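Okay, so here's the structure we're looking at.
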Amino acid sequence: MRWSEYFIPTLKESPQDAEIISHNYMIRAGLIYKLSSGLYNYLPLGLRVIQKVEKIIREEMSRKGAIELLMPILQPKDVWQKSGRYDVMSHIMLKARDREDREFILGPTHEEIITDLVAHKIDSYRSLPKNFYQIQAKFRDEIRPRFGVIRAREFIMKDGYSFSMTREDNEKIYQAMHDAYSAIFRRCGLKCMVIEADTGVMGGKKSHEFTATAESGEDTIVSCPSCGYAANRELAKRKLKEKSILGIKQYPVAEIHTPGLKRVEELCQFFDCEADRFIKTLIYRGKDNFYAVLIRGDLDVNENKLKSVLKDEDLVLAEPKEIKKVTGADLGYSGPVRLKNIPIIADLSVKDMVNAITGANKNDMHYKYVNIGRDFVVYDWLDIGFPQEGDLCPKCSTELEFSKGIEVGQIFELGTKYSARLSAVIQNEKGEDVPMIMGCYGIGVSRTVAAVIEQNSDEKGIIWPIEVAPFQVIVIPLDKGQCLEVAEKIYGQLCADKIETLLDDRDERAGFKFADADLIGIPIKIIIGKKVLQEGNVEIKIRRTARSAAVNPDNVLKEVKQIILADFEDLSNEKFAHMECRQVFQRIQDGETKQIKPE
RNA sequence: CGGGGCGUAGCGCAGUCCGGAUAGCGCACUUGAAUGGGGUUCAAGUGGUCGGUGGUUCGAAUCCACUCGCCCCGACCA
């Protein structure tokens, strides 16, 4: 491709609304252009990268026997009502009516559609298992789109759905997808953590998240450096460091007048102490009864964990009126002491608290010097908080580490939630109708591109890993005349050999071209300048290492192929095991060939 | 949805508080000249319904009301 005939609108200045590196570079390198909040044009260069990621996905998916199809973006409302998700996901769905006033939504995902399809077209267990996928645009009316394509409203997603007769088959596909995802992200040049994840509105039993580590990530990952336990902070279990409370003197309970003071923050000031001296008491309303939930004052209750340990999906914080009824006092004065007829559940963080401060279940009153056992009894000790710095691994008690990441993929074991509701049933060997067992597997394609940039860039711009680079090579003539002639020749050779090459044929100065080439991140530069050419050479320069070497123009094709192969090998060992290539790559990396400008 | 901010040329911004004449600056773009291996220099240009509507006023980018859009923090999030 000739730059002058192509379309790469680069920007020298940073756009005002780009908060993170990938967003900034995607705009500046001319990959995307915003149409409206959360809606992006993919410009030619950006599209090429998207297509590279899609190609990798298709290869790895079909390697595992998955079948590609394509479903509509516009979906009739009634399918969603059948699954029960029309209401649950209502807030992210864009709704529309056609000319006959029929109701539709723009698909935020496709479980319902594929299940409907399979329900109609697969009627024997002999046809199972099947694993379908598509790559297509999704629309989710995000509450707050941000970070460019990382949280966009319209985005490109690969979504896959498997249908099995048996748990074993389902488990096999889950594992196959797990493996496929690892390969996909590795080939994209992404460092990922695979972590235990929450199933959210998808429902289902088991889920793993593939999270690309990035400072700018929205997800917090908790991991154990010792045993490898890793989970989303929303889900992560924890142990707490044990503190000995032996020998600490317990004072008698004292009632303190605390007029109008309800929030922990205010109470800290009043008592002149840290938040961790308080036992926060929250009243929750469950399906059948109320719970008093205790947690240390500086921590928050993880409601997902609470729901799951109490096996009560309907759990919500009680209304002020209900609190008054249950505790006898207004919101803000609840406490465990003399709290009757309600189970007291406590987070592990409360266990070693001595002489704590709690509400007194009387308005404007708190207790000081409250002690467990003596002043109240806990019905059950549970892990219902979020892990904090210093907390320990639930499995091996090593101190947990925290990192940030971008969720690029997630896989779920769905069970029979959708198949049962949408009648995707088959007859088993005994002639009984049973719902199919499902799994679902998603990759945020556009988001993956952003994650790759988050992990692969420097102050000059993007540094594409070879497999997702929009072009592998950029040929840069620094002058007209002979330089351009040689450049054209090399460009022709590379193209003829199916190496994706960009020829910067613009009449611009050297620095300008270099800066653009670095910004758009092409891995290999072929630089043709007068001086080097007089010595009969051109220059090959690697974007990532900034190392360069002079080579004879006739050898450029050979060298480039070897660099590319070596790079591929780096990303995907099993695929390209060419020792020779590695050696040549090493030679260029080490600068063993003639150096123009040693770094 | 709550809180905050912004909207002036393709991009980044000044001007708005305190109303006044052809609405400025940098980058980009066009033309010319010099230059030619890491974002050159000089000169001359193109380009703006000041987000929109209504109002106040002799006069509105500027004041008022409404409205649309965008961004940030929070709530939310496969």
Side-chain angles (χ1 to χ4, degrees), chain A residues 9-20 23-24 27-28 30 33-39 85 88-93 107-112 138-148 150-153 155 157-161 197-204 207-211 217-220 232-234 300 303-304 406-412 414 439-444 447 459-461 476-481 483-484 504 506-519 525 527-534 537-539 541 546 548 550 596-597:
Chain A
T10 58
L11 245 44
K12 314 296 172 206
E13 284 173 294
S14 286
Q16 190 247 329
D17 56 356
E19 295 274 310
I20 61 172
H23 189 195
N24 188 332
I27 295 170
R28 284 188 50 205
Y33 178 73
K34 187 172 76 178
L35 173 66
S36 179
S37 179
L39 304 176
R85 287 207 300 181
V88 185
M89 292 180 80
S90 184
H91 60 290
I92 59 162
M93 296 195 298
T109 174
H110 283 73
E111 281 80 13
E112 279 75 2
K138 296 272 183 285
F139 189 92
R140 293 183 191 175
D141 201 356
E142 289 288 346
I143 294 167
R144 182 142 94 90
R146 61 183 128 174
F147 302 139
I150 288 182
R151 184 161 296 276
R153 296 198 292 171
F155 57 100
M157 182 170 172
K158 174 251 130 182
D159 48 324
Y161 310 92
D198 188 18
T199 51
V201 295
M202 302 298 296
S207 176
H208 283 92
E209 226 174 77
F210 288 73
T211 301
E218 291 184 273
D219 291 4
T220 302
N232 195 305
R233 184 164 178 269
E234 302 299 314
D300 293 317
E303 293 192 4
N304 286 328
I406 299 164
E407 182 196 332
V408 286
Q410 189 166 8
I411 56 179
F412 300 84
L414 288 181
C440 95
Y441 320 95
I443 291 178
R447 176 185 281 197
E459 68 290 341
K460 290 175 180 169
I476 307 175
L478 297 180
D479 202 355
K480 292 172 191 164
C483 285
L484 187 59
D504 192 350
R506 298 174 299 171
D507 183 20
E508 294 288 353
R509 299 175 67 82
F512 187 90
K513 289 187 178 185
F514 290 143
D516 263 354
D518 288 344
L519 177 61
K525 284 195 281 276
I527 302 157
I528 300 112
K530 260 186 198 162
K531 283 180 212 157
V532 183
L533 197 57
Q534 271 164 15
N537 286 327
V538 299
E539 198 177 334
K541 190 165 181 180
S548 64
I596 302 295
K597 272 179 298 173

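Please read all numbers here as calculations on a predicted model, not as lab measurements. Order of the sequence lines sets the chain letters (A, B, ...), proteins ahead of strands, with each chain counted from 1.
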Does [N] have a Watson-Crick or wobble partner in any strand here, with both distances under 3.5 angstrom, and which is it?
N	value
rG37(B)	none
rG19(B)	none
rG24(B)	rC13(B)
rC66(B)	rG52(B)
rC77(B)	none
rC42(B)	rG32(B)

For a quick check of understanding: with a heavy-atom distance under 4.0 Å over all strands, which category does [X] fall into, base, sugar-phosphate or nothing?
X	value
E218(A)	nothing
R153(A)	nothing
D516(A)	base
F155(A)	base
G529(A)	base
D219(A)	nothing
E13(A)	base

Interatomic distance at [atom1], [N] relative to [M], whole Å:
N	M	atom1	answer
rA23(B)	rC42(B)	C1'	27 Å
rA28(B)	rG48(B)	C1'	16 Å
rU35(B)	rG45(B)	P	24 Å
rA61(B)	rG20(B)	P	9 Å
rG15(B)	rU62(B)	P	15 Å
rU8(B)	rU40(B)	P	28 Å
rC18(B)	rA65(B)	P	14 Å
rC71(B)	rG51(B)	C1'	15 Å

Under-4.0 Å side-chain N/O to phosphate OP1/OP2 contact, [X] with [N]:
X	N	result
R146(A)	rC73(B)	yes
S36(A)	rC70(B)	yes
R509(A)	rG36(B)	no
K531(A)	rG36(B)	no
S207(A)	rA78(B)	no

Ion pair present between [X] and [Y], side-chain N to carboxylate O less than 4.0 angstrom?
X	Y	answer
E111(A)	R85(A)	yes
E218(A)	R146(A)	yes
D219(A)	R233(A)	no

Out of [options], which nucleotide sits closest to the side chain of [X]?
X	options	result
I527(A)	rG12(B), rG37(B), rA75(B)	rG37(B)
D17(A)	rG74(B), rC71(B), rC11(B)	rC71(B)
K34(A)	rC71(B), rG38(B), rG39(B)	rC71(B)
R144(A)	rC73(B), rG37(B), rG39(B)	rC73(B)
I143(A)	rG38(B), rG39(B), rC1(B)	rC1(B)
D507(A)	rG36(B), rG38(B), rG26(B)	rG36(B)
Q16(A)	rC76(B), rA78(B), rG12(B)	rG12(B)
F512(A)	rG39(B), rG38(B), rA78(B)	rG39(B)

Is the backbone N or O of [Y] less than 3.5 Å from a side-chain atom of [X], with the two atoms forming a donor-acceptor pair by type?
X	Y	result
K525(A)	F514(A)	no
S207(A)	I411(A)	yes
K513(A)	P477(A)	yes
Y33(A)	P9(A)	no

TODO: Rounded to the nearest 0.5 Å, what's the gap from CZ on R151(A) to CD1 on I143(A)? Could you check?
DONE: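 The CZ atom of R151(A) sits 9.0 Å away from the CD1 atom of I143(A).
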
Task: Test side-chain contact (heavy atoms from CB on, under 4.5 Å) applied to K12(A) and F512(A), step by step - done: CA-CA 10 Å; K12(A) 314 296 172 206; F512(A) 187 90; 3.6 Å; yes

Write down the distance between [atom1] ([X]) and [atom2] ([N]), rounded to a whole number of angstrom.
X	N	atom1	atom2	result
D479(A)	rG38(B)	CG	C1'	16 Å
N24(A)	rC71(B)	CG	P	15 Å
K12(A)	rU40(B)	NZ	C1'	14 Å
I150(A)	rA78(B)	CD1	P	17 Å
E539(A)	rG38(B)	CD	P	11 Å
E142(A)	rC72(B)	CD	P	13 Å

- [ ] Select from K525(A) and F147(A) the residue whose nearest nucleotide in RNA chain B is closer to the 5' end of that strand.
- [x]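 The residue whose closest nucleotide sits nearer the 5' end is K525(A).
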
Task: Given RNA chain B, 5'-ward residue of the pair T10(A) and E407(A), judged by closest heavy atom - done: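 Nearest-nucleotide comparison on RNA chain B picks T10(A).
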
